[in-house]
Amino acid sequence: MMEDRLIASERQELPAERGVAQYQRLASLLRHRIAKGEYPLGAQLPPMTQLADDLGVAVVSVRQAYEMLSREGLIRSQRGVGTHVAALPAEVGELALAINDPFAAPQALAFEILEVRRPTAVPQELLGPDDRAASENVCVRKLHTYSGEPFCYAEIYVPTSVFEALPRDTAKKRKLLAAVLDELGPRCRRVRQRMTVMPADFPLCDMLKIPFASPVAKMSRRLVDGKGNVLYAGVTWYRGDRYVSEIDIPISALKSAPGITEPQPRAIAERRPG
């Protein structure tokens, strides 16, 4: 009876979605169940034909999903023995660190550059009323992946003069916010950011490999100097099932800079239409 409920639940979690291959959704489901302990370390996974029949998918999809998890080191298949869980997914804490700390560089974190466009202007929606954006900027579109799985899509705008001063291939090796902070140091005076939760559209679903209208966390962030010159502006979308936000703030900071946790009148005014 319990097995029937599990199969029914799995059937509901594998809908056909545009842009996401069946084997990728299956791999994501199995990865999630391994992380939750439903398939503990050492446990044997169902034979491919059985799982394909249980979920109503093609055997080739199961084979591709198993191959993906095998490349990640999560499972191991052996002829005559079966397929077993060989390791657990990376600790959630490491992914949270990759999301919240611009300087963090866990070994499983990687970046895929989708486009570098120049010259371009910073979208008005990323600017505050007193911000002064450079006339020429470089836009970098990139995917952040963790253990080979995309969890974040980013569009970053950096003044051309600042971008060209960064070490070569910086965008491929680290987060641009951290690189700009390192490069400009004392010039950086303020970071303002805003987070909203929204449903993902088709292009975003295609990039993050998630079903249509899945929740995503949208983070808009800009870095300015003492004169309001924009040194960095960007917007990132995080998969809702991967996003983790945790902030440790000293009490002294709450008293001296309450805007860290509470919207200030200026910030509220920026959000008001026209």
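The figures that follow rest on heavy atoms only: side chains count, while hydrogens, waters and symmetry mates do not.
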Checklist entry - Would a distance-only check, ignoring hydrogens and angles, find a side-chain to backbone donor-acceptor pair under 3.5 Å from Asp225 to Arg189? => result no
Checklist entry - What about Leu143 and Ile210, same hydrophobic cluster or not, with Ile/Leu/Val/Met/Phe/Trp/Tyr joined at side-chain heavy-atom distances under 4.5 Å? => result yes
Checklist entry - What distance do Leu126 atom CG and Arg192 atom CZ have between them, rounded to the nearest 0.5 Å? => result 13.5 Å
Checklist entry - Pick one: which of Glu164, Arg117, Arg118 meets side chain to side chain contact (heavy atoms under 4.5 Å, CB included) with Val138? => result Arg118
Checklist entry - Excluding sequence neighbours, so at least two apart, what forms side-chain hydrogen bond (donor to acceptor under 3.5 Å, both in side chains) with Thr160? => result none
Checklist entry - Is there a path of hydrophobic side-chain contacts, each under 4.5 Å between heavy atoms of I, L, V, M, F, W or Y residues, that connects Ile99 with Leu181? => result no
Next on the checklist: Between Pro46 and Tyr39, is there a side-chain heavy-atom distance shorter than 4.5 Å?
Outcome noted: yes
Next on the checklist: Looking at every heavy atom in both Pro199 and Ala213, which two are closest together, and how far apart are they?
Outcome noted: CB-O, 3.7 Å
Item to check | Single-linkage hydrophobic cluster, 4.5 Å side-chain cutoff, Leu184 and Val122 together | outcome: no
Checklist entry - Is the side chain of Lys175 donor-acceptor paired with the backbone N or O of Ala105 at a distance under 3.5 Å, no angle test? => result no
Item to check | Atom pair SG (Cys152) and NZ (Lys142), whose distance is rounded to the nearest 0.5 Å | outcome: 9.0 Å
Checklist outcome for this item: Separation between CZ (Phe103) and CZ (Arg174), nearest 0.5 Å, reads 6.5 Å
Checklist entry - Do Val197 and Trp237 share a hydrophobic cluster (ILVMFWY, side-chain heavy atoms under 4.5 Å, transitive)? => result no
Item to check | Sole candidate of Leu74, Leu45, Leu30 that passes side chain to side chain contact (heavy atoms under 4.5 Å, CB included) when paired with Val85 | outcome: Leu45
Item to check | Side-chain heavy-atom pair Pro106, Tyr146 within 4.5 angstrom cut-off | outcome: yes
Next on the checklist: Can you list, by chain and residue number, the hydrophobic cluster partners of Met68 when the side-chain cut-off is 4.5 Å?
Outcome noted: Tyr23
Item to check | Minimum-distance pair of heavy atoms, taken over all atoms of Pro150 and Lys209 | outcome: CG-CG, 3.9 Å
Checklist entry - Side chains of Arg63 and Val60: does their closest heavy-atom pair fall under 4.5 Å? => result yes
Checklist entry - Leu55 versus Val62: any side-chain heavy-atom pair under 4.5 Å? => result no
Checklist entry - Is there a path of hydrophobic side-chain contacts, each under 4.5 Å between heavy atoms of I, L, V, M, F, W or Y residues, that connects Val235 with Tyr153? => result yes
Checklist entry - Met195 versus Met219: any side-chain heavy-atom pair under 4.5 Å? => result yes
Next on the checklist: Which heavy atom of Gly73 sits nearest to which heavy atom of Ala86, and what is that distance?
Outcome noted: O-CB, 3.9 Å
Next on the checklist: Please evaluate residues Thr236 and His144 with respect to the criterion side chain to side chain contact (heavy atoms under 4.5 Å, CB included), reporting the C-alpha separation (whole Å), side-chain torsions for both, the decisive distance (0.1 Å), and the verdict.
Outcome noted: CA-CA 10 Å; Thr236 53; His144 296 198; 5.6 Å; no
Item to check | Closest non-hydrogen atom pair, Leu127 against Ala133 | outcome: CD1-CB, 4.0 Å
Next on the checklist: Within the 4.5 Å heavy-atom criterion, are Val180 and Leu177 side-chain neighbours or not?
Outcome noted: no
Checklist entry - Just wondering, do Asp131 and Val224 contact through their side chains at under 4.5 Å, heavy atoms? => result yes
Item to check | Full working for side chain to side chain contact (heavy atoms under 4.5 Å, CB included) between Val191 and Tyr232 | outcome: CA-CA 9 Å; Val191 175; Tyr232 166 104; over 6 Å; no
Checklist entry - When rounded to the nearest 0.5 angstrom, what distance separates CG in Leu29 from CD1 in Ile34? => result 10.0 Å
Checklist entry - Ala171 and Ile113: which non-hydrogen atoms are nearest, and at how many Å? => result O-CD1, 3.5 Å
Checklist entry - Quick one: salt bridge (Lys or Arg N to Asp or Glu O under 4.0 Å) pairs with a partner in residues 132-141, sequence neighbours left out? => result Glu115-Arg141
Checklist entry - Under a 4.5 Å cut-off applied to non-hydrogen side-chain atoms, are Tyr157 and Val230 in contact? => result no
Item to check | Side chain Lys218, main chain Met198, donor-acceptor under 3.5 Å | outcome: no
Checklist outcome for this item: Closest non-hydrogen contact found for Pro159 with Ala134 is CB-CB, 3.9 Å
Next on the checklist: With rounding to the nearest 0.5 angstrom, report the CD to OG distance, Gln24 to Ser61.
Outcome noted: 10.5 Å
Checklist entry - If you measure from CG on Leu223 to CD on Gln193, what distance do you get to the nearest 0.5 Å? => result 11.5 Å
